[in-house]
Amino acid sequence: MRILGIDPGLRTTGFGVLDTDGPRLRYVASGVIQTSAADQGNLPARLKLLFDGIGELNARYQPDVAAVEIVFVNVNPKATLLLGQARGACVTALVARDLPVAEYTALQMKLAVAGHGKAAKAQVQLMVQRLLQLPAVPRPDAADALGLAIAHAHAGGLIERLQAAGLARTTSSMYRGGR
């Protein structure tokens, strides 16, 4: 199975692509989508860059599923709303291409990668490097995206089995086929 991890951000959206074969994880690619090419005051243009960038990733890597970070509400409501719009552009780009989307919180990703939900960015980066046997530490946004893909590799099958049995929440935890 090929997993595309997405760490949404309005300025920088991280992505990471992994192949899984049972418990084995194989790094395919990672990087970021930058919206700095657009006028910073032109929100629709920046959202289009994200939408188009996710579409290009889908076409290039042809993932089977995507794992996207759930937005948290922070102290600044304006920043939260902008991040939510960036996340919405990413999720919309994925479901418009009929890609299943699983959602994980930062806490869930950090638990899966570093063993505790309060792990610092540097800890996540080092653990992603170690788990995927990368020659260098990935940049923070890409490391978070790879961490989301790792979290889905570990938990995704269980979540799908629980949903099939009617024991897991389906709304706001998994989007399928444009739902």
Side-chain angles (χ1 to χ4, degrees), residues 2-18 28-113 117 119-122 124-125 128 138-153 155-156 169-179:
R2 181 161 283 184
I3 305 169
L4 170 62
I6 301 290
D7 178 33
L10 189 55
R11 288 190 181 125
T12 305
T13 290
F15 72 88
V17 183
L18 299 180
V28 176
S30 64
V32 296
I33 301 168
Q34 299 274 5
T35 64
S36 55
D39 174 16
Q40 298 303 297
N42 188 348
L43 179 61
R46 294 170 76 188
L47 296 175
K48 184 177 182 334
L49 283 173
L50 291 175
F51 185 89
D52 292 344
I54 297 294
E56 289 175 26
L57 292 173
N58 185 62
R60 181 173 187 176
Y61 296 109
Q62 299 180 347
D64 300 305
V65 65
V68 180
E69 185 172 319
I70 295 173
V71 175
F72 66 93
V73 177
N74 62 30
V75 178
N76 183 342
K78 183 178 179 182
T80 302
L81 288 171
L82 290 171
L83 178 58
Q85 290 181 66
R87 185 180 177 285
C90 294
V91 171
T92 301
L94 294 165
V95 298
R97 289 155 179 87
D98 295 322
L99 195 64
V101 177
E103 297 177 292
Y104 297 92
T105 64
L107 181 112
Q108 290 169 319
M109 181 273 289
K110 290 175 181 182
L111 277 169
V113 172
K121 287 267 189 196
V124 171
Q125 289 174 274
V128 165
R139 61 182 288 170
D141 299 301
D144 286 352
L146 287 166
L148 290 160
I150 291 168
H152 188 70
R169 184 177 72 178
T170 56
T171 57
S172 188
S173 64
M174 180 75 84
Y175 295 102
R176 288 197 187 275
R179 283 195 308 175

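If you read the sequence from its start, that first residue is 1, and numbering goes on from there.
- No side-chain heavy atom of V75 sits less than 4.5 Å from a side-chain heavy atom of T80.
- Residues Y61 and V28 meet the side-chain proximity criterion, which asks for heavy atoms closer than 4.5 Å.
- Of the possible donor and acceptor atoms, one in the side chain of D64 sits under 3.5 Å from a partner among the backbone N and O of R2.
- Rounding to the nearest 0.5 angstrom, the gap separating the CD atom in Q62 from the CZ atom in R97 is 12.5 Å.
- Among all heavy-atom pairs drawn from L49 and A38, the shortest one is CD1-CB, 3.7 Å.
- A distance of 9.5 Å separates SG in C90 from CG in L4, rounded to the nearest 0.5 Å.
- Looking at every heavy atom in both residues, G117 comes nearest to K110 through O-CD, 3.3 Å.
- Between M109 and V124, the closest side-chain pair of non-hydrogen atoms falls below 4.5 Å.
- Looking only at side-chain heavy atoms (C-beta outward), L10 and L43 come within less than 4.5 Å of each other.
- Between V68 and P8 there is a side-chain heavy-atom pair separated by less than 4.5 Å.
- Q85 contributes atom CD, which lies 11.0 Å from atom OG1 of T92 (distance to the nearest 0.5 angstrom).
- For the atom pair CG of D144 and CZ of F15, the computed distance is 14.0 Å after rounding to the nearest 0.5 Å.
- Within the 4.5 Å cutoff, side-chain heavy atoms of I70 are placed close to those of R87.
- Sorted by first then second residue, the side chain to side chain donor-acceptor pair (under 3.5 Å) pairs that include residues 38-59, not counting sequence neighbours, are T35-R46, Q40-R46, K48-D52.
- Taking both residues in full, the closest heavy atoms of Q125 and P138 are given as NE2-O, 2.7 Å, listed atom of the first, atom of the second, then distance.
- The distance from the CG atom of L18 to the CD1 atom of I150 is 5.5 Å, given to the nearest 0.5 Å.
- Residue S30 comes nearest to L146 through the heavy atom pair CB-CD1, 3.8 Å, listed as atom of the first residue, atom of the second, then distance.
- Nearest heavy-atom pair across V71 and G84 is CG2-CA, 4.3 Å.
- Atom OG1 of T105 and atom CG of L148 lie 9.0 Å apart (nearest 0.5 Å).
- Shortest non-hydrogen contact noted between L99 and A66 is CD2-CB, 3.9 Å.
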